[in-house]
Amino acid sequence: MNLRIYHTGDLHIGMRFTHYPETIRDLLGDARIQVLENMVADANQRQCHLLVVSGDLFDHQNVAVKTVSRVQDILSGFEGALVLVLPGNHDFDDGMQNIWSRFGRTSHSRIHVAGNTEAIPLNYFGIPAVIYPCPCDQKHSSQNRLAWIPPKEQRPDAVWHIGVAHGALQHLSPDMERRYFNMTEHELVALDMDLWLMGHTHKSYPTQEEIRGQRIFNAGTPEPDGMDCLHDGGAWLIELEDQKAPSAWRIKTGMYRFMDESVSIHGPDDIRRLSAILADGQPEKTLLRLTLSGRIREDDRIELEGVRQLLEKKMLYLEWVDHALQTKVTREMVEREFTKDSFPHAWLMTLLERQDDAALQIAYEMIREVNPS
């Protein structure tokens, strides 16, 4: 048989998005649940045997009971053999009364929370595979959870041996202080698995849309969650064939998109080009941080304000950062703001005549700092 796996992770359901307005918070929070529902439906359509969530299904331990119940209901709609959920460092399982004790009370029989470091044979489901979970039992750790995995000769007989782990993969997710279950690709390869399904880093690995022969996959978050998450969100469809290398396809899953743009503006043409951002994808589902720099005339600021209002109207959310955008000093400004023949007036006029724009700007700002009125 061929084994089809739908691999996701880092949904962080329950994330609060407190730095956004309430209406945006609600949309972003609900999207994380909706994307899970979409992935379950997609996995069913692709007739996947396993749905694997490689950690951080939930964002924290205090997710509302009704949200946990809704997630269970969604996962129970998977029509394949098994949903395997690995506790990550945000929704870790320390054996105490935590989110998994609530989750387990009504959990569907085909949903397995892999909170223990023990082999999980899948022969009961007609799948000749064994899962080796490496769950998190606390939020931070300087040690990963790979050490328990037995050597190859001591493992149960199976066609496929699959590791599932949550933690910082060294070349993919910098972890300079070694706080996030740090592991290296060399460690994973040395354990001689047919496949590794990883979680923690919110970007996909590898980066190809379609790949064959790769044995280590990081799901990345299926729904972008901030300005440091500028991809579309995705999951992996992975197919294993007996005695053959895995084949995998990247699936786009995200509902909303974050954009972080820095633009230097020096005149009307640059301002008009800002409107082109609206043509990039779906602005009504885009959260944009736009950081402006440069130097423009006072008159240009009127047109710039019009562009700002347009972007604010069309985008789901706009963060407008323009503190580095200066107003170009002109003769009209100097005449209006400074008494004729005063020292500031004479100094600035001299620089205007020399056409020394850089010195003129510095001089104007110095004068304003000393005498802001």
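Since the structure is predicted, the reported quantities are computational estimates derived from the model, not experimental observations.
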For this session: Check the pair F258 / L287 against side-chain contact (heavy atoms from CB on, under 4.5 Å), numbers first and verdict last.
Result: CA-CA 5 Å; F258 291 81; L287 294 91; 3.8 Å; yes

For this session: Output, in order, the C-alpha distance, side-chain angles, deciding distance and verdict of side-chain contact (heavy atoms from CB on, under 4.5 Å) for C134 and N144.
Result: CA-CA 8 Å; C134 302; N144 61 51; over 6 Å; no

Exercise. Under the side-chain hydrogen bond (donor to acceptor under 3.5 Å, both in side chains) criterion, do Q170 and N182 qualify, and how do the steps go?
Worked result: CA-CA 6 Å; Q170 196 169 88; N182 188 281; 3.3 Å; yes

For this session: Check the pair L195 / I5 against side-chain contact (heavy atoms from CB on, under 4.5 Å), numbers first and verdict last.
Result: CA-CA 11 Å; L195 185 67; I5 303 170; 3.7 Å; yes

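Looking at S173, its side chain never comes within 3.5 Å of a backbone N or O of T201 through a donor-acceptor pair. At distances below 3.5 Å, at least one donor-acceptor pair connects side-chain atoms of W148 with backbone N or O atoms of P133. Side chain of R110 to main chain of G80: a donor-acceptor pair is present (N/O by atom type, distance under 3.5 Å, no hydrogens or angles). Judged purely by atom type and a 3.5 angstrom limit, T350 uses its side chain to pair as donor or acceptor with the backbone of A346. The main-chain N or O of M255 is found under 3.5 Å from a side-chain atom of E223 such that the two form a donor-acceptor pair. Distance alone, capped at 3.5 Å, is enough to place a donor-acceptor pair between the E187 side chain and the T184 backbone. Using a distance-only test at 3.5 Å, with no hydrogens or angles considered, no donor-acceptor pair links the side chain of D93 to the main chain of P87. Distance alone, capped at 3.5 Å, places no donor-acceptor pair between the S69 side chain and the K66 backbone. Panel note: side chain D175, backbone R178; a donor-acceptor pair is recorded below 3.5 Å. The main-chain N or O of G88 is found under 3.5 Å from a side-chain atom of D91 such that the two form a donor-acceptor pair.
Put simply, L311 and L292 are part of the same group of oily side chains (I, L, V, M, F, W, Y) that touch within less than 4.5 Å, one to the next. The cluster map of Ile, Leu, Val, Met, Phe, Trp and Tyr, joined by side-chain heavy atoms under 4.5 Å apart, puts W236 and I251 in different clusters. Hydrophobic clustering of Ile, Leu, Val, Met, Phe, Trp and Tyr side chains at less than 4.5 Å, counting indirect connections, keeps L274 apart from M227. In the hydrophobic cluster analysis, where Ile, Leu, Val, Met, Phe, Trp and Tyr join through side-chain heavy atoms closer than 4.5 angstrom, L240 is grouped apart from I216. Placement of L84 and L75 in two distinct hydrophobic clusters is found when ILVMFWY residues are connected by side-chain heavy-atom separations under 4.5 Å, directly or transitively.
In this structure, D269 pairs ionically with R272, as a charged nitrogen and a carboxylate oxygen lie closer than 4.0 Å. Under 4.0 Å is where a charged nitrogen must lie from a carboxylate oxygen, and between R16 and D59 no such pair does. In summary, R331 and E335 do not engage in a salt bridge, as defined by a charged side-chain N under 4.0 Å from a carboxylate O.
Between I238 atom CD1 and I211 atom CD1 the span is 10.5 Å, to the nearest 0.5 Å. Atom-to-atom distance recorded for T221:OG1 and L11:CG is 6.0 Å, nearest 0.5 angstrom. Here the straight-line distance linking atom CD of E284 with atom CE of M315 works out to 9.5 Å at 0.5 Å rounding. L290 contributes atom CG, which lies 9.0 Å from atom CE of M259 (distance to the nearest 0.5 angstrom). Here the NE2 atom belonging to H161 is positioned 4.5 Å from the OH atom belonging to Y132, to the nearest 0.5 angstrom. The NZ atom of K252 lies 10.0 Å from the CZ atom of R250; values are rounded to the nearest 0.5 Å.
Minimum heavy-atom separation, V35 to T253: CG2-O, 3.2 Å. For the pair A114 and L86, the tightest heavy-atom approach, listed with the atom from each and the gap, is O-CD1, 3.6 Å. What you find for Q138 and S141 is that their closest heavy atoms are NE2-CB, 3.4 Å. Counting all heavy atoms, side chain and backbone alike, L172 lies closest to P174 at O-CD, 3.8 Å. Summarising the geometry of A219 relative to G9, their closest heavy-atom pair is CB-N, 3.7 Å, with the distance given to 0.1 Å. The minimum heavy-atom distance between I162 and A129, with the atom names listed, is CD1-CB, 4.4 Å.
Within 6.0 Å of the CZ atom in R354, the count of heavy atoms belonging to other residues, nucleotides or ligands does not exceed 12. For D157, the CG atom counts as loosely surrounded, since its 6.0 Å shell holds 12 or fewer non-hydrogen atoms of other residues, nucleotides or ligands. Within a 6.0 Å sphere centred on CE of M366, other residues, nucleotides and ligands contribute 12 heavy atoms or fewer. At most 12 non-hydrogen atoms from other residues, nucleotides or ligands lie less than 6.0 angstrom from CZ of R297. The environment of NE2 in H186 is sparse: at most 12 heavy-atom neighbours from other residues, nucleotides or ligands sit within 6.0 Å. By the 6.0 Å contact criterion, CD on E22 is open, its count of non-hydrogen atoms from other residues, nucleotides or ligands being 12 or less.
Under 3.5 Å, the side chains of T286 and R257 contain no donor-acceptor pair of N or O atoms. No side-chain donor from either of Y364 and Q326 sits under 3.5 Å from a side-chain acceptor of the other. Using modelled atom types, one finds no donor on one side chain facing an acceptor on the other under 3.5 Å when comparing Q61 with N98. Using modelled atom types, one finds a donor on one side chain and an acceptor on the other under 3.5 Å when comparing H7 with S54. Between the side chains of H202 and D225, at least one donor N or O sits under 3.5 Å from an acceptor N or O. Donor-acceptor pairing under 3.5 Å is recorded for the side chains of Y6 and D42.
Remark: D30 pairs with no residue by the side chain to side chain contact (heavy atoms under 4.5 Å, CB included) rule, at least two apart or across chains. In this structure F58 satisfies the ring pair (Phe, Tyr, Trp, His ring centres under 6.0 Å) test together with W100, sequence neighbours excluded.
Looking at L188 and L146, their side chains come closer than 4.5 Å, going by heavy atoms from C-beta outward. Looking at R336 and E298, their side chains come closer than 4.5 Å, going by heavy atoms from C-beta outward. Proximity of L348 to M333: side-chain heavy atoms (C-beta onward) are nowhere separated by under 4.5 Å. Taking 4.5 Å as the limit, every side-chain heavy atom of K203 sits out of range of all side-chain heavy atoms of Y205. The shortest side-chain heavy-atom distance between E337 and P344 does not fall under the 4.5 Å cut-off. For the pair L122/I131, a side-chain contact is recorded, criterion being any heavy-atom separation below 4.5 Å from C-beta on. For the pair Y20/L316, no side-chain contact is recorded, criterion being any heavy-atom separation below 4.5 Å from C-beta on. Using a 4.5 Å heavy-atom threshold, the side chains of E239 and W249 count as touching.
For the pairing with E305, the side chain to side chain contact (heavy atoms under 4.5 Å, CB included) check across Q309, E303, R301 returns one residue only, Q309. Each of K139, H140, H166 was checked for a side-chain hydrogen bond (donor to acceptor under 3.5 Å, both in side chains) with N89, and the lone residue meeting it is H166.
For the pair R32 and F17, the cation-pi test (distance below 6.0 Å, angle within 45°) is failed.
Under the 6.0 Å cut-off for aromatic ring centres, F181 and H200 do not qualify, their centroids lying 6.0 Å or more apart.
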